[in-house]
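Note that ligands are numbered from 1 as they come in the structure, with each ligand's atoms numbered from 1 the same way. The residues of the chain are indexed from 1 along the displayed sequence. Predicted model only: the values in this text are computed from it and were never measured.
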Amino acid sequence: MIKLPPVIDTHAHLDELPDPEAAIKEARERGVLGIVAVGQDISSNQKTIEMARRHPGFVFPAIGYHPWRLNPDHDDETLAYIDTNLKHCVALGEVGLDYKAKTKKKIQKAIFEQLLAIAKRHYKPVIVHCRFVHETAYRMVKESGLEKAIFHWYSGSLDLIPLIAAEGYYMSATPALLYNPYHAKAIDAVPLSNLLLETDSPVQYQELVARPVHVQVTLQEVARVKGIPLEEIAAQTTQNAKACFGLNEL
Ligand SMILES: [Zn+2]
């Protein structure tokens with residue numbers, strides 16, 4: 001097995017892995033530098049924070065309210081939970097807009113707006129999920145006045161990439177580069193200074209059921225798609241992740 005340069009998995013749902021502890025150990029042993037673990041609702045956020053506590057300096061928590069998990073009975077409680085606990089986290093996420101989700105667009109936007117305001121108040125980056133609604137999501141983030149944002153698993157239009165990059169926001173690549181030409185085209189167009197690597201574990205990419213160690217697959221695929229040496233991609237994206245999430249100790 002070739003030894004790959006160290007990289008950070010900037011988006012993993014550790015609480016959804018069948019054996020998170022084994023996956024964390026495996027990533028550490030195989031040279032992954034750190035993992036940003038993202039939450040989706042109160043229970044997932046609690047598990048994420050607990051896991052980060054068990055692995056200080058390696059697992060960094062983000063807490064959020066995923067558009068698939070919105071539930072009017074839990075909105076207030078979830079927003080209050082995030083507001084209270086965000087100071088212990090490196091980012092607010094996963095949040096966003098998904099026009100294939102069951103919640104009405106108007107309600108999604110209202111919740112997203114409140115979440116962006118919380119991130120802004122705490123000076124935290126926001127990790128954005130968007131599907132079929134990239135431009136609106138970008139505009140809402142920009143209008144919220146946030147300085148840092150990550151458009152995760154970016155597969156929006158190519159026209160939007162220079163605008164997102166001009167704000168200093170990031171876009172992240174996943175192992176979907178193995179087979180998805182739209183994601184590959186987008187990632188090829190993202191400037192290296194605005195790119196992050198991730199796995200979105202435990203997403204299944206054809207035969208690959210992702211764990212954080214597979215950020216190395218993302219690294220290899222980004223190098224292939226962009227035609228840039230692995231070492232250069234690893235060094236720049238790691239520097240980007242440290243700057244974005246404030247991981248100065250790594
Ligand atoms: Zn995700």
Assess His66: does it contribute an N, O or S atom lying under 2.8 Å from the Zn ion (ligand 1)?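 No.
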Please determine if the Zn ion (ligand 1) has an N/O/S atom from His129 lying under 2.8 Å away.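 No, His129 does not qualify, because none of its backbone or side-chain N, O or S atoms lies under 2.8 Å.
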His11/Trp153 under ring-ring contact (aromatic ring centres under 6.0 Å, His included): CA gap, chis, key distance, verdict: CA-CA 9 Å; His11 189 117; Trp153 191 338; 8.8 Å; no
Which atom name would you report as the N, O or S atom of Glu94 nearest the Zn ion (ligand 1)?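 It is OE1, the N, O or S atom of Glu94 closest to the Zn ion (ligand 1).
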What's the atom name of the N, O or S in Asp200 nearest to the Zn ion (ligand 1)?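 Nearest to the Zn ion (ligand 1) within Asp200's N, O and S set: OD1.
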Would you please indicate yes or no on a ring centroid separation below 6.0 angstrom for His134 and Tyr154?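 They qualify: ring centres under 6.0 Å apart.
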Checking side-chain contact (heavy atoms from CB on, under 4.5 Å) for the pair Leu160/Leu163: CA distance, chi angles, key distance, verdict? CA-CA 5 Å; Leu160 207 53; Leu163 302 178; 4.0 Å; yes
I'd like to know if the side chain of Tyr81 and the backbone of Ile63 have a donor-acceptor N/O pair within less than 3.5 Å.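 Side chain of Tyr81 to backbone of Ile63, a donor-acceptor pair under 3.5 Å: no, none is there.
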